[in-house]
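Some notes on the structure that comes next.
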Amino acid sequence: MKVLIINGPNLDMLGSREKEVYGEQTLADMNAEIAEFCAAEGMDAVFFQSNCEGEIVTAIHEARTRFGADGIVLNAGAYTHYSRAIADALPCVRVPKVEVHISNVHAREEFRHVSVLAANCNGVICGFGADSYKLACLALRNIVTKAGRA
């Protein structure tokens, strides 16, 4: 099973931005940790990051064709709270999707409590750092296995 992990704006700055919220781990370090976890669980993780909304939409559209993905883990960053374009892209691809966040968005500013993406995802996991992504990968594997696609 292959999982496409999409990270949105400012996640390329992990390790140097708001360390009290996001920790000191860089995106490359986090991706390596997730890839190692997935491999140990019999999954293959492929990663995509962009600060541009349209590039994220395109990555979602191409989840199957370009990335060969059976599921999507999406941390859209701030786009989570207002990107109708990303929200509309999610149902275009018939793979399960899990929205993730490194921090507990419900313990932060009120605007972060609302996701325009969640309704088009199978679930949402937040607040567990890199483990949010690992939990999402496990959830996707369960969904795909139950659907008979893996």
Side-chain angles (χ1 to χ4, degrees), residues 1-18 21-22 25-39 41-103 105 108 111-150:
M1 178 176 159
K2 186 180 275 190
V3 178
L4 172 59
I5 298 172
I6 300 174
N7 282 294
N10 301 312
L11 290 160
D12 58 326
M13 298 303 293
L14 289 176
S16 62
R17 70 176 282 224
E18 299 172 278
V21 175
Y22 300 106
Q25 192 175 39
T26 67
L27 182 60
D29 292 340
M30 187 175 72
N31 287 350
E33 179 182 328
I34 295 163
E36 183 179 330
F37 172 83
C38 284
E41 292 291 329
M43 294 179 276
D44 183 26
V46 60
F47 300 90
F48 177 86
Q49 189 279 326
S50 179
N51 294 315
C52 301
E53 183 179 33
E55 291 178 4
I56 294 168
V57 167
T58 299
I60 292 167
H61 289 175
E62 296 175 346
R64 281 263 204 221
T65 57
R66 176 178 165 197
F67 298 101
D70 299 298
I72 298 171
V73 172
L74 173 62
N75 183 343
Y79 289 138
T80 299
H81 315 294
Y82 66 87
S83 177
R84 300 294 179 186
I86 293 173
D88 287 349
L90 290 167
C92 293
V93 181
R94 301 194 127 205
V95 299
K97 302 142 197 103
V98 177
E99 176 184 326
V100 299
H101 301 281
I102 293 168
S103 67
V105 293
R108 298 183 63 197
F111 80 89
R112 295 184 195 276
H113 301 181
V114 176
S115 168
V116 300
L117 310 179
N120 292 325
C121 292
N122 296 78
V124 179
I125 300 171
C126 69
F128 299 102
D131 288 346
S132 292
Y133 293 81
K134 296 173 192 175
L135 292 167
C137 290
L138 292 175
L140 287 176
R141 183 177 65 191
N142 289 343
I143 293 166
V144 169
T145 300
K146 286 179 183 176
R149 291 191 300 224

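The figures here come from the full heavy-atom set of this structure, side chains too, leaving out hydrogens, waters and symmetry mates. In what follows, residues are counted from 1 in the order of the sequence shown.
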Begin from the C-alpha positions of Lys97 and Leu140 and carry the test side-chain contact (heavy atoms from CB on, under 4.5 Å) through to its verdict.
-> CA-CA 7 Å; Lys97 302 142 197 103; Leu140 287 176; 5.7 Å; no
Looking only at heavy atoms, which two atoms of Pro9 and Ala76 are closest? And how far apart?
-> CD-O, 3.4 Å
Between the CZ atom in Phe37 and the CG atom in Leu135, the distance rounded to the nearest 0.5 Å is 7.0 Å
Can you measure from CE (Met1) to CZ (Arg141) and round to the nearest 0.5 angstrom?
-> 8.0 Å
Take Lys2 and Val46 through the side-chain contact (heavy atoms from CB on, under 4.5 Å) test and state the conclusion after the steps.
-> CA-CA 7 Å; Lys2 186 180 275 190; Val46 60; 4.2 Å; yes
Correct closest heavy-atom pair for Ala45 and Ile5 would be CB-CD1, 4.1 Å
Rounded to the nearest 0.5 Å, the CD1 atom of Ile143 sits from the CG atom of Leu138 at a distance of 11.0 Å
Interatomic spacing from OG1 in Thr80 to CG in Leu74 - rounded to 0.5 Å | 6.5 Å
Lys134/Glu41 salt bridge by N-O under 4.0 Å criterion | no
Report yes or no: does Asn75 contribute a side-chain atom to a donor-acceptor pair with the main-chain N or O of His101 at less than 3.5 Å?
-> no
Between Cys121 and Leu90, what is the shortest heavy-atom contact and its length?
-> SG-CD1, 3.9 Å
Specify the closest pair of heavy atoms between Ala87 and Leu117, including all atoms of both residues, with the distance to one decimal.
-> N-CD2, 3.5 Å
Does a side chain donor of either Glu53 or Asn51 reach within less than 3.5 Å of an acceptor in the other side chain?
-> no
Quick one: closest heavy-atom pair of Val57 and Ala89, and the distance?
-> CG1-CB, 3.9 Å
Report the distance from atom CD1 of Ile60 to atom CG of Leu4, rounding to the nearest 0.5 Å.
-> 8.5 Å
Per the side-chain contact (heavy atoms from CB on, under 4.5 Å) rule, which among Asn122, Val98, Ile6 passes with Ile72?
-> Ile6
Do the side chain of Asn7 and the main chain of Gln49 share a donor and acceptor less than 3.5 angstrom apart?
-> no
Between Glu99 and Ser115, is any side-chain donor less than 3.5 angstrom from a side-chain acceptor?
-> yes
Return the minimal non-hydrogen interatomic distance between Met43 and Cys137, and the atom names on each side.
-> SD-O, 3.6 Å
Taking it one step at a time, do Ile102 and Tyr133 satisfy side-chain contact (heavy atoms from CB on, under 4.5 Å)?
-> CA-CA 8 Å; Ile102 293 168; Tyr133 293 81; 3.8 Å; yes
Would you give the length of the straight line joining atom CZ of Phe47 to atom CD1 of Ile34, rounded to the nearest 0.5 angstrom?
-> 5.0 Å
